[in-house]
Amino acid sequence: MVVEILFEEVCSLYGDGQNVHYLQATLPGAQFVHTALTDEPYFAEHTPDLIYIGAMSERIQRRVIEKLRPYTARLKELVEKDVPILATGNAGEIFCKHITYKTEETEIDGLGLVDLTVETDYFNRYNGKVLADFEGMQIVGFRSQFSFMQGDNSQNYFLQVRRGDGLNKKSKLEGFRVHNLIGTNLLGPILPLNPLFCEYFISLSGEQAEAAFKEQAMDAYRQRVREFSDPEVKF
Amino acid sequence: MKIKYFMALYVAKGAQTAMRLLGRNATFLPGKLAEKLCKNFLSYMTPPKTVIAVTGTNGKTTVSNLLTSILQDNGYSVTNNSFGSNVQAGIISALVADTKLSGKPKKDIAVLEVDERSSLRIYPYMKPDYLLCNNLMRDSIKRNAHTEFIQFIVDKALPASTKLVLNSDDLIASGLGTKGQERVYFGLEAEIPQTSQPQHIRDIVYCPRCGELLQSVYVRYNHIGRHYCPKCGLKSPVPDYCVTEIDREKNTFTLRHGEEYHTYTLINDNIVNAYNFCGAIAVLTEIGLSPEQISKGFADSKIVKTRYEQLDAGDLHITMLMAKGQNPIACARCYDYAAKVSDPDKALLLIVDDKDDNIGNSESTCWLYDCDYRALKDDSIRQIVFAGPRCKDHYLRALLAGVDAGKIRCMESAKDGANAIDTAASKHIMVLFEMYRADEAAMVKAVLKDRGERGV
């Protein structure tokens with residue numbers, strides 16, 4: 001099994017990098033390919049079983065888009081072949097149609113694989129929590145972002161939100177899912193925080209694995225689900 | 001507008017007096033009130049002759065306290081906000097307290113600890129003569145986002161007239177000042193690390209000028225070290241003020257400035273503080289103090305007890321060390337420091353959850369995963385007790401870092417944590433506590449002291 005980690009050296013804000021370590025602990029026999037921003041992506045010539053990319057700064061986001069732009073057709077092909085790709089934080093935004101950076105008054109085209117747009121504003125930081133349903137499981141997570149995705153994700157959302165916001169403050173449908181390309185604004189350690197989702201994500205590749213440190217991870221997960229479900233806990 | 005300003009000044013001063021009579025801290029609300037009554041209140045204030053701003057992710061309070069203490073020792077009167085808030089309202093409160101009814105400042109110098117995120121609300125209105133920036137690193141996710149954002153904010157706010165005193169070993173902080181500001185650098189040449197390997201968390205990887213992968217001469221921690229770009233030639237600046245030697249036996253360090261070398265008392269042996277001390281000396285020298293004047297202040301100064309304290313109780317040795325919750329790098333530095341304390345059977349009690357974020361809330365634990373827990377694997381740490389509402393999250397995070405599950409315990413409360421330590425197995429107990437949990441830390445200290453004295 002081959003797992004490709006894209007640009008971990010710069011796409012690991014907010015603890016996102018530990019998703020990689022959690023995958024490594026869960027899949028000790030897998031080969032992990034760490035593609036740096038200066039490398040040719042492994043997926044260009046091969047088909048990885050899983051791909052992961054984490055959150056990044058806005059300057060890096062622009063660079064990542066330019067890096068991946070020549071591979072747009074190949075990425076589209078991988079998406080259509082149902083290769084599981086997980087993009088956390090603002091990483092999912094690179095797959096959208098375009099991104100407007102309000103503070104700098106600039107706009108760039110994204111990779112265009114997802115029919116959504118993005119607006120980024122340095123002077124409006126949004127923080128939030130999410131309790132949501134996905135494929136019969138509850139997902140918990142955190143959000144901290146300058147940007148919001150805009151558009152209609154009613155046909156391709158990732159999470160049905162119970163508490164917290166979805167794509168934007170008016171929505172209860174969070175992120176997007178196109179085949180097995182999952183983009184979510186939940187950031188940080190989404191896999192160790194959600195061991196059941198970690199197992200699900202791996203299963204999309206056809207492999208089965210028990211999440212690492214499952215007992216302790218489930219203990220922490222159950223506590224968080226309990227807290228997030230408590231009406232006394234503010235969102 | 002002047003009338004509005006004076007009205008706001010008098011109301012704020014009145015509020016300050018009233019609050020103090022009621023025994024309350026008047027370090028935030030008077031400033032908030034002043035700003036509410038008079039927009040851009042700060043811009044109407046007459047500043048002291050010299051304004052020094054201290055900013056950066058870690059070390060602001062230590063440096064501000066040190067600067068204030070040494071300046072006062074040398075006969076200067078100083079306005080300082082270190083015991084209050086470091087955002088706009090806190091800074092206004094400190095300045096209001098030291099402003100006469102005529103609007104004139106009472107003190108010679110202001111040493112202002114400034115939250116980086118508040119830069120835009122402060123520097124355009126109260127222009128600092130000097131700005132010291134210790135470091136810019138990832139901090140609270142919710143407020144500070146990432147270092148590129150913070151660098152952007154601070155840089156945008158800084159006036160061209162401010163002289164910058166910057167850490168030469170931090171390629172992000174040393175990159176501040178895009179308006180042609182005058183600058184000096186400080187850094188460390190002592191105890192050069194052997195490693196040039198990338199660290200767990202780095203906030204700068206590619207050259208900010210040309211985008212090439214940066215190369216490292218050495219790395220102290222995170223991105224602190226000496227780096228260069230093989231393509232465009234950008235490199236860590238040469239420090240004007242440089243710690244050349246640390247003598248841990250004599251508790252001294254030597255600093256070079258120009259051709260001169262001077263030796264100072266090492267108040268605390270954490271390498272992070274060596275940067276703090278060096279930066280403070282650079283500022284003090286820049287404003288005209290002699291090495292002798294500074295040296296005397298160093299000899300008399302101590303790290304504030306609430307931040308670092310050691311005590312003995314029976315056969316127990318207890319170290320209380322303040323850590324900053326939600327600040328992954330500061331917390332990791334504390335873990336690292338604790339691991340390096342030479343004692344083979346230490347116990348660590350970690351109380352680092354955010355206090356306010358767990359009241360009617362469920363704290364974001366993302367920062368735990370940015371914090372390097374690998375130091376906790378050290379064999380010298382015999383037991384680790386995580387105490388607090390997020391103890392299960394710490395447990396999982398520690399396991400992921402490779403810490404042996406057999407030495408970890410989880411307790412919901414700090415008191416239970418203090419009682420859970422096996423004092424027969426560990427005679428040195430290090431308590432790392434979150435800065436806003438000082439009350440619990442005091443309680444824990446009392447419990448451990450009692451256990452030590454009773455031998456249980």
Side-chain angles (χ1 to χ4, degrees), chain A residues 7 9-10 12-19 21-22 24-25 36-38 55-60 63 89 103-104 122-123 125-129 140-146 186-190 192-193 195 212-213 215-224 226-228 230 232-235, chain B residues 117 120 138 140-153 156 198-206 208 211-214 231 328 357-374 389-402 405 408 410 412:
Chain A
F7 322 131
E9 78 281 14
V10 280
S12 60
L13 289 175
Y14 318 122
D16 280 20
Q18 291 297 322
N19 288 318
H21 292 133
Y22 197 63
Q24 283 173 324
L37 209 45
T38 45
M56 64 203 86
S57 71
E58 288 64 32
R59 186 161 70 189
I60 291 293
R63 196 166 163 192
T103 320
E104 290 138 316
Y122 264 0
F123 293 102
R125 184 100 177 130
Y126 169 87
N127 294 295
K129 295 189 284 295
V140 284
F142 300 97
R143 296 171 66 163
S144 281
Q145 58 202 67
F146 287 123
L186 301 193
L187 50 70
I190 180 171
L193 255 55
F213 314 113
E215 185 190 335
Q216 295 85 356
M218 286 302 291
D219 269 354
Y221 166 74
R222 286 191 203 100
Q223 181 185 343
R224 188 162 287 106
R226 210 165 43 243
E227 288 173 1
F228 279 24
D230 181 351
E232 297 294 313
V233 169
K234 64 185 179 207
F235 263 68
Chain B
R117 189 78 158 82
L120 284 167
R138 61 185 66 190
S140 160
I141 296 160
K142 291 203 272 189
R143 289 193 74 241
N144 290 29
H146 48 72
T147 51
E148 277 176 22
F149 169 64
I150 292 300
Q151 191 189 34
F152 165 79
I153 289 277
K156 190 174 163 70
Q199 299 284 294
H200 173 72
I201 292 293
R202 287 172 294 165
D203 284 310
I204 185 163
V205 177
Y206 292 100
E212 184 73 7
L213 185 66
L214 289 167
K231 190 176 170 190
D357 235 2
N358 282 294
I359 299 170
N361 196 6
S362 181
E363 182 184 355
S364 168
T365 50
C366 295
W367 73 273
L368 269 57
Y369 289 82
D370 258 350
C371 180
D372 195 342
Y373 276 54
R374 288 175 299 178
R390 303 266 63 93
C391 59
K392 288 174 183 165
D393 292 298
H394 290 285
Y395 188 12
L396 176 61
R397 175 67 189 91
L399 292 178
L400 196 49
I408 305 174
C410 285
E412 294 280 333

Residue A:Ala25 versus chain B: region with a heavy atom under 4.5 Å = side chain
Among A:Gln145, A:Glu58, A:Arg224, A:Glu232, residue most engaged with chain B (heavy-atom pairs, under 4.5 Å) | A:Arg224
May I ask you to decide if B:Pro389's main-chain N or O and A:Gln223's side chain share a donor-acceptor pair within less than 3.5 Å?
-> yes
With sequence neighbours excluded, tell me which residues meet side chain to side chain donor-acceptor pair (under 3.5 Å) with A:Gln24.
-> none
Which distance, rounded to the nearest 0.5 Å, do you find between the CG of B:Asp393 and the OH of A:Tyr221?
-> 13.5 Å
Among B:Arg138, B:Lys142, B:Lys392, which has the most heavy-atom pairs under 4.5 Å with chain A?
-> B:Lys142
Should the ring pair A:Phe123 and B:Phe152 be called parallel, tilted or perpendicular, given that the plane angle runs from 0 to 90° and is split at 30 and 60?
-> tilted
Turns out that what part of B:Ile204 lies under 4.5 Å from chain A's heavy atoms comes down to neither
Chain B contact via A:Phe228 - side chain, backbone, both or neither, heavy atoms under 4.5 Å | side chain
Sequence neighbours excluded, which residues qualify as ring-ring contact (aromatic ring centres under 6.0 Å, His included) partners of B:Tyr206?
-> none
Over all heavy atoms of both residues, which pair between B:Cys366 and A:Leu187 is shortest? Give the atoms and the distance, please.
-> SG-CD1, 3.6 Å
Engaged part of B:Pro328 at the chain A interface, taking heavy atoms whose separation is under 4.5 Å = neither
Enter the distance from B:Tyr395:OH to A:Asp219:CG here, rounded to the nearest 0.5 Å.
-> 9.0 Å
So which heavy atom on B:Ser364 is nearest to which on A:Phe142, and how close?
-> CA-CE2, 3.3 Å
To the nearest 0.5 Å, what is the distance between OG (A:Ser12) and CZ (B:Arg202)?
-> 8.5 Å
Using non-hydrogen atoms and a 4.5 Å limit, figure out which bit of A:Ile190 sits close to chain B: side chain, backbone, both or neither.
-> neither
Hey, is the main chain of B:Asn144 close enough, under 3.5 Å, to the side chain of A:Arg125 for a donor-acceptor pair?
-> no
Applying side-chain contact (heavy atoms from CB on, under 4.5 Å), run through A:Leu193 and B:Tyr369 and close with a yes or a no.
-> CA-CA 11 Å; A:Leu193 255 55; B:Tyr369 289 82; 4.3 Å; yes
What part of A:Lys129 gets closer than 4.5 Å to chain B, counting heavy atoms only: side chain, backbone, both or neither?
-> side chain
Under 4.5 Å heavy-atom distance to chain B, tell me which part of A:Arg63 shows up: side chain, backbone, both or neither.
-> side chain
Greatest number of heavy atom pairs closer than 4.5 Å to chain A - which of B:Asn361, B:Leu368, B:Leu213 = B:Asn361
To the nearest 0.5 Å, tell me how far B:Leu396 CG sits from A:Gln18 CD.
-> 10.0 Å
CG-CD distance between B:Leu399 and A:Glu215, expressed to the nearest 0.5 angstrom | 10.0 Å
Contact part of B:Thr147 toward chain A, heavy-atom cut-off under 4.5 Å: side chain, backbone, both or neither?
-> neither
State the OG1-CD distance between A:Thr38 and B:Glu212, to the nearest 0.5 angstrom.
-> 7.5 Å
Chain A contact via B:Leu120 - which portion, at a heavy-atom distance below 4.5 Å = side chain
Looking only at B:Ile153, B:Thr365, B:Ile359, most heavy-atom pairs under 4.5 Å shared with chain A are made by B:Thr365
Which bit of A:Ala36 comes within less than 4.5 Å of chain B, counting heavy atoms only: side chain, backbone, both or neither?
-> both
For A:Tyr14 and B:Ala145, which heavy atoms make the closest approach, and how far apart are they?
-> CE2-O, 3.3 Å
Among the listed options A:Gln216, A:Arg143, A:Met56, the residue most often paired with chain B at heavy-atom distances under 4.5 Å = A:Gln216
